[in-house]
Protein chains: 2
Amino acid sequence: MSEKNGSERRLTTRGAATRRRIVAAAADLATKRGVGETSLDDVMEASGASKSQLYHYFADKDALLREAAALQAERVLAAHGPLLDALDSLAAMRVWRDAVLALNRRTGCPLGALVYQLPPSARRARTTVEDGLEAWRGMIEDGLARMQSRGELAPDAAPADIAFAVLSAVQGGLLLSRSAKSDRPLELAFDMALAHVAAQVRRPADRSLAETPRSR
Amino acid sequence: MSEKNGSERRLTTRGAATRRRIVAAAADLATKRGVGETSLDDVMEASGASKSQLYHYFADKDALLREAAALQAERVLAAHGPLLDALDSLAAMRVWRDAVLALNRRTGCPLGALVYQLPPSARRARTTVEDGLEAWRGMIEDGLARMQSRGELAPDAAPADIAFAVLSAVQGGLLLSRSAKSDRPLELAFDMALAHVAAQVRRPADRSLAETPRSR
DNA sequence: AGGAAACTGGACTGTCAAGTCCAATTGATG
DNA sequence: CATCAATTGGACTTGACAGTCCAGTTTCCT
């Protein structure tokens with residue numbers, strides 16, 4: 001089995017940089033134009049690398065795609081991580097919501113898009129995306145668990161389940177926002193998710209505040 | 001401008017049948033393998049048509065794609081239409097939910113997938129998908145409006161907004177169910193949507209029944 | 001019937017994209 | 001410095017795919 005993955009034998013500083021440039025360019029293009037509309041020639045031009053460089057660092061297009069997907073997952077997690085790490089109250093969740101809305105370019109979710117865009121051949125890349133989404137959901141779950149241990153969420157609430165629902169709302173909202181070219185779907189979906197969490201909050205005061213989150 | 005669309009001058013019974021076969025095959029393949037993985041040769045083989053037939057009935061691939069997208073939208077609306085036409089109560093919404101869950105093949109939404117899969121070049125096809133999703137949302141909205149006029153939904157509830165949230169949950173749930181290869185995300189997302197509607201139901205009895213729809 | 005138009009088969013073209021190959025250059029290392 | 005591995009340029013091969021073309025067949029309509 002040829003090894004062109006992380007366990008590359010040696011890797012010069014320059015080589016590592018080239019490699020990174022290539023992956024970044026692939027991830028950018030895949031996000032911007034879509035996976036199917038991203039050719040290696042495009043990646044070459046965008047990264048300033050040559051054909052032989054691509055095949056020096058990656059076994060084939062699928063391998064590159066896999067790393068691009070991993071980078072995209074990293075980026076998404078890096079964007080939401082700090083906000084989700086701080087998730088320990090409804091107020092913090094509203095902060096997260098505002099950030100997500102501010103981030104929304106009506107272009108959909110770069111990670112969610114891959115669920116539908118990756119060709120069946122790219123099995124590894126697919127797995128990477130699945131793991132990324134699951135990690136994302138896990139971060140939400142952890143935040144909800146913190147809320148619960150702080151006594152903010154009802155003891156019988158199920159953070160794992162709620163996290164699935166919340167991430168579904170976000171993904172669906174992003175998809176519909178892309179389709180409708182409007183922020184409204186995402187806004188409404190996220191507010192539903194907020195209300196869903198708020199409905200399981202202990203303190204009635206905070207709950208009533210959140211149950212009618214009609215923006216403005 | 002050449003006309004190969006609906007206003008085709010004349011169309012034999014046989015011709016119309018061939019045309020339909022082609023569109024159906026294209027829609028099937030696009031759903032099964034993805035738009036990017038569907039070549040005209042594939043469509044030829046699946047439909048038993050020849051190259052010249054494809055180009056006799058369609059100006060180019062984008063035109064075919066557009067009709068395939070329209071057919072896919074029709075199919076989805078036809079599947080949900082009867083259930084959504086009957087939507088006039090929480091109970092009816094639960095029936096719809098059960099049907100959607102039963103329909104789920106963990107393959108995502110054939111219509112939602114197109115939002116991410118259609119190439120930017122296929123502008124018309126894109127519009128068709130957007131219209132399809134909007135029509136779907138409209139059907140949900142209409143059902144909620146019926147609930148409202150029946151006095152089941154609070155007078156200040158906004159059916160249009162709720163419909164966006166509900167469809168977001170469905171789309172996100174389907175996407176995550178595809179990724180996770182599990183029905184759970186869709187189930188949890190849909191139950192959240194149900195609770196969201198139930199929260200705006202007048203009769204407290206029905207509401208309490210629905211607010212904890214934890215399946216089983 | 002018989003001409004026109006719809007329909008069909010299938011070979012052909014041009015383009016583009018993935019992947020290969022080899023020679024040349026740069027850098028690391030003893 | 002000598003040597004070897006890492007790195008790079010870029011031409012080349014191969015195949016797939018969208019789209020073209022024309023000749024032949026079937027159907028429609030008067």
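Lettering follows sequence order; numbering is per chain, from 1. As the structure is a computational prediction, the values presented were derived from the model and not from experiment.
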TODO: Decide, yes or no, whether a salt bridge links B:Glu130 with A:Lys181 under the criterion of side-chain N to carboxylate O below 4.0 Å.
DONE: yes
TODO: Can you figure out which of C:dT20, C:dT8, D:dT8 approaches the side chain of A:Lys51 most closely?
DONE: C:dT20
- [ ] Kindly express the pairing pattern of DNA chain C in dot-bracket notation, using | wherever a base pairs with another strand and counting only Watson-Crick or G-U pairs under 3.5 Å.
- [x] ||||||||||||||||||||||||||||||
Task: Nearest heavy atoms of B:Leu54 and B:Met44, plus distance in Å - done: CD1-CG, 3.9 Å
TODO: Verify the contact: side-chain N or O of B:Arg14 to OP1 or OP2 of D:dC28, cut-off strictly under 4.0 Å; return yes or no.
DONE: no
Task: Whole-Å gap separating P (D:dT20) and NE2 (B:His56) - done: 15 Å
Task: Separation of D:dT8 P from A:Arg19 CZ (nearest whole Å) - done: 12 Å
TODO: Could you please name the option among D:dG9, C:dG10, C:dA28 that lies closest to any side-chain atom of A:Thr12?
DONE: C:dA28
- [ ] May I have the distance from B:Phe58 (atom CZ) to D:dA18 (atom P), rounded to whole angstrom?
- [x] 14 Å
Task: Within residues 21-35 of chain B: residues closer than 4.0 Å to DNA chain D (heavy atoms) - done: none
- [ ] Mind checking A:Ser39 for me? I need base, sugar-phosphate or nothing, with any heavy atom below 4.0 Å counting as a touch.
- [x] sugar-phosphate
Open item on the list: So, taking the atom named CZ in B:Arg94 and the one named CZ in B:Phe190, what distance separates them when rounded to the nearest 0.5 Å?
Closed with: 11.5 Å
Open item on the list: Rounding to an integer number of Å, can you tell me how far B:Leu54 CG sits from D:dC21 P?
Closed with: 17 Å
Task: Side-chain N or O of B:Thr18 closer than 4.0 Å to phosphate OP1/OP2 of C:dT8 - done: yes
- [ ] Report yes if at least one side-chain N or O of B:Tyr57 is closer than 4.0 Å to OP1 or OP2 of C:dA6; otherwise report no.
- [x] no
Open item on the list: Would you say that more than 12 heavy atoms from the other residues, nucleotides or ligands in this model lie under 6.0 Å from the CZ of A:Arg106, or not?
Closed with: yes
Task: From B:Met147 atom CE to B:Asp142 atom CG, the distance as rounded to the nearest 0.5 Å - done: 13.5 Å
Task: Salt-bridge criterion met for A:Asp62 and A:Arg126 (N-O under 4.0 Å) - done: no
Task: Side-chain ion pair, B:Glu37 and B:Lys32, N-O less than 4.0 Å - done: no
Open item on the list: Can a side-chain donor-acceptor contact be found between B:Ser39 and B:Asp42 if the only test is distance below 3.5 angstrom?
Closed with: yes
Task: Candidate nucleotides D:dT8, C:dG9, C:dA17, ranked by approach to the side chain of A:Gln53 - the nearest - done: D:dT8
Open item on the list: Would you say that B:His80 contacts B:Met139 through its side chain, given a criterion of any heavy-atom pair below 4.5 Å between the two side chains?
Closed with: no
- [ ] Starting from the C-alpha separation in whole Å, work towards a yes-or-no answer on side-chain contact (heavy atoms from CB on, under 4.5 Å) for A:Thr18 and A:Ile22.
- [x] CA-CA 6 Å; A:Thr18 302; A:Ile22 294 171; 4.0 Å; yes
Task: Nearest-Å distance for atom pair NZ/C1', residues B:Lys61 and C:dT15 - done: 15 Å
- [ ] Using a strict 4.0 Å threshold on nitrogen-to-oxygen distance, state whether A:Arg97 and A:Glu187 make a salt bridge.
- [x] no
Open item on the list: One thing to verify: whether B:Glu134 and B:Arg137 come together as a salt bridge, which I'm taking to mean a side-chain N less than 4.0 angstrom from a carboxylate O.
Closed with: yes
Task: Within residues 40-49 of chain A, residues whose heavy atoms come under 4.0 Å of DNA chain C - done: A:Leu40, A:Asp41
TODO: Give the rounded distance in Å between these two atoms: CG of B:Leu64 and P of D:dA18.
DONE: 10 Å
- [ ] Give a yes/no on whether any side-chain N or O of B:Tyr55 is located under 4.0 angstrom from OP1 or OP2 of C:dT8.
- [x] no
